[in-house]
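For clarity, every value in this text was computed on a predicted model and none was experimentally measured.
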Amino acid sequence: MAYWLFKTEPDAFSIDTLKQQKVSCWEGVRNYQARNMMRDEVKIGDQVFIYHSSCKDVGVVGIASVVKEAYPDHFQFDPEGPYFDSKSNPDNPRWIMVDIEYQRHLRLVSLKRIKANPALAEMPLVKRGNRLSIMPVTESQWEEILQMTGQF
C-alpha cells in the first residue's frame, strides 16, 4: 500500500462532496507528471489525503482510499467540458483518472503547520516550485500528519 496527497479546490470538489457521493472519480488531472504517477503507481487500496487548496483553510482535511485504478478520463473527449483535449482520442487517451472512496474527515492540518514541522520538510508539498495536484507521501509523513490531527 502506498500513500498519496490529492489536491482539490473545495468550491469545485470538497471532502464534503466526496462524503456525500461515497465514491467518485478523480478527474481533471492535466499534468503529465501527476498523470504518470496516477497511471503507473496509484493502486487499489492506497490511502489518500484529501487536501483543500486555493481557499481560506488550506490543508489536509480528510482521507480516502483508491477503489479503481487508472482508466481513461472521459471528460477529455467532451468538447463542451472544461477538461476537453482536442489532441486526445479514444484509441490512445492522453488523460486518465482513478476512483476514490471516502473514509473520513480529519481535523484540518494547515499548510502552515505542515511547513513548520521538521519531520515533513521533505514532503513534495512543501518543496519550492512543486504545484502537482497528486503527490506521494511516505509512511512516516502519513503518520506524522495523522498525529498532527490528534485523531489517530
Checklist line | Between CD on residue Gln76 and OG on residue Ser86, distance to nearest 0.5 Å | finding: 11.0 Å
Notebook entry, point to check: Does any pair with a residue in residues 62-85 pass ring pair (Phe, Tyr, Trp, His ring centres under 6.0 Å), and if so which ones, sequence neighbours excluded?
Noted result: none
Check: Looking only at heavy atoms, which two atoms of Ala70 and Val98 are closest? And how far apart?
Finding: N-CG1, 3.7 Å
Notebook entry, point to check: What closest approach, in Å, do Met97 and Pro72 show between heavy atoms, and which atom pair accounts for it?
Noted result: CE-O, 3.7 Å
Next item on the list: Among Asn117, Leu146, Ile114, find the residue that satisfies the side chain to side chain contact (heavy atoms under 4.5 Å, CB included) test when tested with Val109.
Entry: Ile114
Item checked: Of all pairs that satisfy salt bridge (Lys or Arg N to Asp or Glu O under 4.0 Å), the ones with a partner from residues 125-148, not counting sequence neighbours -> Glu122-Lys127
Next item on the list: Taking the side chain as every heavy atom from C-beta outward, state whether Ile145 and Leu120 have any pair of such atoms under 4.5 Å apart.
Entry: yes
Note to self: I need the full list of salt bridge (Lys or Arg N to Asp or Glu O under 4.0 Å) pairs touching residues 77-99, with sequence neighbours left out, sorted by first then second residue.
What the structure shows: Asp85-Arg94
Note to self: Same cluster or not: Val23 versus Met38, using hydrophobic residues (I, L, V, M, F, W, Y) connected whenever any side-chain heavy atoms lie under 4.5 Å apart?
What the structure shows: no
Checklist line | Inter-residue atom distance Arg39.CZ - Ile96.CD1, 0.5 Å rounding | finding: 7.5 Å
Next item on the list: Could you list all the ring pair (Phe, Tyr, Trp, His ring centres under 6.0 Å) pairs where at least one residue sits in residues 11-35, not counting sequence neighbours?
Entry: Phe6-Trp26, Phe13-Trp26, Tyr32-Trp95
Margin query: One pair to check against side-chain contact (heavy atoms from CB on, under 4.5 Å): Lys7 and Leu132. What are the steps and the verdict?
Written below: CA-CA 8 Å; Lys7 288 184 184 178; Leu132 292 177; over 6 Å; no
Solution key, residues 52-65 side-chain donor-acceptor pairs under 3.5 Å, sequence neighbours excluded:
from  : atom 1 : to     : atom 2 : distance (Å)
His52 : NE2    : Ile15  : N      : 3.1
Ser65 : OG     : Gln103 : NE2    : 2.9

Margin query: Measuring from atom CG of Leu106 to atom CZ of Phe49, what distance do you get when rounded to the nearest 0.5 angstrom?
Written below: 6.5 Å
Notebook entry, point to check: Would a hydrophobic clustering, with Ile, Leu, Val, Met, Phe, Trp and Tyr connected at side-chain separations under 4.5 Å, put Ile44 with Met1?
Noted result: no
Next item on the list: With the side chain counted from C-beta on, respond yes when Met123 and Val137 share a heavy-atom pair under 4.5 Å apart, and no when they do not.
Entry: yes
Note to self: Heavy-atom count check: over 12 atoms from other residues, nucleotides or ligands less than 6.0 Å from Lys115 NZ?
What the structure shows: no
Check: Is there a donor-acceptor contact under 3.5 Å from the side chain of Gln141 to the main chain of Thr138?
Finding: yes
Checklist line | Of all pairs that satisfy salt bridge (Lys or Arg N to Asp or Glu O under 4.0 Å), the ones with a partner from residues 16-37, not counting sequence neighbours | finding: Arg30-Asp73
Notebook entry, point to check: Is the number of heavy atoms from other residues, nucleotides or ligands under 6.0 Å of Gln21 CD greater than 12?
Noted result: yes
